[in-house]
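First the proteins, then the strands, lettered A, B, ... as listed; each starts at 1. Values in this document were obtained by computation on a predicted structure and should not be read as measured data.
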Protein chains: 2
Amino acid sequence: MTVSITDVARATGVSASTVSRALRGQPGVSDEVRDRITTIAARLGYTASRSASSLASGRTFTIGVVVPYVGRWFFGTVLDAAERVFSAAGYDVLLYNLGSPETRKRFFTKMPVRKRVDAVLSLLIPDEEESFALRSLGVPLATTVGGPRPGFTVVGIDDHAGTESAVRHLVNLGHRRIGMISGSSGLQHWTTPVERRRAYLDVLADAGIEHDPALEADGDYTVEGGERAMMELLAVSRPPTAVFAQSDEMAMGALRALRRHRLKVPDDVSVVGFDDHELADVIGLTTVAQPVAGQGAEAARLLLRQLDEPEAEPPRHVQMPIRLVLRETTAPPYPRGPQ
Amino acid sequence: MTVSITDVARATGVSASTVSRALRGQPGVSDEVRDRITTIAARLGYTASRSASSLASGRTFTIGVVVPYVGRWFFGTVLDAAERVFSAAGYDVLLYNLGSPETRKRFFTKMPVRKRVDAVLSLLIPDEEESFALRSLGVPLATTVGGPRPGFTVVGIDDHAGTESAVRHLVNLGHRRIGMISGSSGLQHWTTPVERRRAYLDVLADAGIEHDPALEADGDYTVEGGERAMMELLAVSRPPTAVFAQSDEMAMGALRALRRHRLKVPDDVSVVGFDDHELADVIGLTTVAQPVAGQGAEAARLLLRQLDEPEAEPPRHVQMPIRLVLRETTAPPYPRGPQ
DNA sequence: CTGTTAGCGCTTTCAC
DNA sequence: GTGAAAGCGCTAACAG
């Protein structure tokens, strides 16, 4: 039914080994024979069975990519960029979407990637146990989220500096009551919200602004969460005049809440996000831009390099540039700010 | 190094075949032995090599998913939903992101999925040749985009009805100059824009409104494209008082263009989108909602069913419900008409 | 219910 | 430069 390597060998009048060598571009095959084999293989529509060649060689030419939620812009964008790099290098991508706790648990107990992939790119932050499980695969590991982790090549951004630029911008505009909508701080191993919170506190302290815990709310990294969080912040006795949201999606939720409350942005309340979501520009959201696709591509490249040079010491931590993008959701506090 | 089936067999004191049967839940193994094998396999951390079992059985337990652009909300969402269904059923997902023409071409000439997958879900519309290539794989095929195609199970929506509800809504509000921002109409095999355009023309004709070709612009399914298209529409001598965009992303681009031109929505211009993007609600965009995740999940389910019942005649075309969601970007035309 | 025997379709020594 | 032979780790008859 389907054409195998022996079919090609027979049709060309050579052995299977020669066909194998020729098609994989290995040395030790005369140009004449190689050409003939290539032609005939093409004519027959031959494709080597990945299962068979993996079994024989131990190489799978497949990369496992683990994602918390493909549908979310951030992860979709990272995945998109990484996949391009992998496929350009001849690798296939096995996708694992670990949105729910059950799926995630199942993945880490059954480890379906074992013996199936040459490397793993994780877009979720594994806890200690998960991280141990991944290391036990014995393949190169990379991630684009969270801080440095043993065994992983981490491509990230300077969360502290990014947050600092955002909050400092609000301070410079004259705001003193600055709220923060944070990502789910419940997860211990998820360092990003922690890092960003620290920077927020640092800037406040530096500006001599007393920290008010009532001005912090959890937005769960979603639009809805951001909306709820903003409502909470508006309910306190002295609401903030500016809000820093740890992601653009939460910032968008905040904008919606503000609109529902008939509050004008930036006149009544200023909002800064984080990410530079593809739609941030549409909405005119001031935000901290990070190279999302860039991080995915870079992580993929570093993984491929480790596959090419297994001996070399892999880079442990790469930081990509961030920058504050000023748009239309920030202004001095009403009615009298400096300037 | 890595533990194989014979390691488990030896440790349990049975043969490899028995281990294989036991672990795959096949009949013909005593409960006692099965338990022992399961325990020992778990203790040893054994996972069957997919390459080896695929090679031996011919089944890969892998589904190929072909996507034009994972980063785009629509495709990310469909993929997310489909992946959940597949992984819940024990299938892995091989992702092929075919954004650029070169990648796409490479995929269809090399057909890396040959002998690698049990079925294919395509989120891009294959042309005649590509569709032939996919059929030649000899596995079940499904898609969530475009109209009925031989050899494919198509899960879609009624594009004509959806568009009709959107455009009729504008007509009912009293609009007479209704523009349309369409998806890339350049691609022949991409029936969606064609279908939606036909519905647009039908509603106009039905309402006795003469069609003005100057009121149509191409938005390429992107935010930027939508923005450009809106600019074009604003540049004509008598601009539209309402615009129907064939996707929410293009509608968002249109909104941006309008804001730049200091035109109020919906006071000066009404805008309707299509999709019910996750952020449509944030922006207050009136749109035609379609069950995006629902289509992905349904297509995945139908594919799995075909795998379970190879004999049964697969469904050819399934239509999912759509509905018009009224929000804040549509209103009756401004009394004096636009400038 | 369990073990033995052949492969599945490649890659990889090792001869020649 | 090329071929023969021996697996890779599993599953699928076929015995018993």
DNA chain C: first to last nucleotide in contact with chain B (atom under 4.0 angstrom from a heavy atom), 5' to 3', is C:dC1 to C:dC10
Do A:Ser17 and D:dA4 share a donor-acceptor pair, side chain to base, under 3.5 Å? yes
Nearest heavy atom decides the nucleotide; on that basis, is B:Val29 or B:Ser57 closer to the 5' end of DNA chain C? B:Val29
Between B:Ser30 and A:Val19, who's closer to the 5' end of DNA chain C by nearest nucleotide? B:Ser30
Do any N or O atoms from the side chain of B:Arg106 and from the backbone of A:Ser87 form a donor-acceptor pair under 3.5 angstrom? yes
NA contact type, A:Arg50, heavy-atom cut-off 4.0 Å: base, sugar-phosphate, or nothing? nothing
Counting the atoms with a prime plus P, OP1 and OP2 as sugar-phosphate, which does A:Ser49 contact under 4.0 Å by heavy atoms, base, sugar-phosphate, or nothing? sugar-phosphate
For [X] and [N], give me the distance from atom [atom1] to atom [atom2], rounded to whole Å.
{"X": "B:Leu23", "N": "D:dT11", "atom1": "CG", "atom2": "P", "result": "9 Å"}
{"X": "A:Arg21", "N": "D:dG3", "atom1": "CZ", "atom2": "P", "result": "8 Å"}
{"X": "A:Arg114", "N": "D:dC10", "atom1": "CZ", "atom2": "P", "result": "12 Å"}
{"X": "A:Leu55", "N": "D:dG7", "atom1": "CG", "atom2": "C1'", "result": "9 Å"}
{"X": "A:Ile5", "N": "D:dT2", "atom1": "CD1", "atom2": "P", "result": "15 Å"}
{"X": "B:Arg10", "N": "D:dC10", "atom1": "CZ", "atom2": "P", "result": "12 Å"}
{"X": "A:Asp31", "N": "D:dG1", "atom1": "CG", "atom2": "C1'", "result": "11 Å"}

Does the separation of the ring centres of B:Phe107 and B:Tyr96 fall below 6.0 angstrom? yes
Out of D:dT2, D:dG9, D:dG7, which has the shortest distance to the side chain of B:Ala52? D:dG9
Check this for me: does any side-chain nitrogen of one of A:Arg72 and B:Glu278 sit under 4.0 Å from a carboxylate oxygen of the other? no
Under the criterion side-chain contact (heavy atoms from CB on, under 4.5 Å), I'd like the reasoning laid out for A:Ser20 against A:Ile5: C-alpha separation, chi angles, the key distance, then a yes or no. CA-CA 8 Å; A:Ser20 175; A:Ile5 198 169; 3.8 Å; yes
Could you check whether A:Arg59 makes a cation-pi contact with A:Phe61, meaning its NZ or CZ is under 6.0 Å from the centre of the six-membered ring and within 45° of the ring axis? yes
How long is the straight-line distance from CG of A:Leu303 back to CD of A:Glu298, given to the nearest 0.5 Å? 11.0 Å
Side chains of A:Leu123 and A:Phe74: does their closest heavy-atom pair fall under 4.5 Å? no
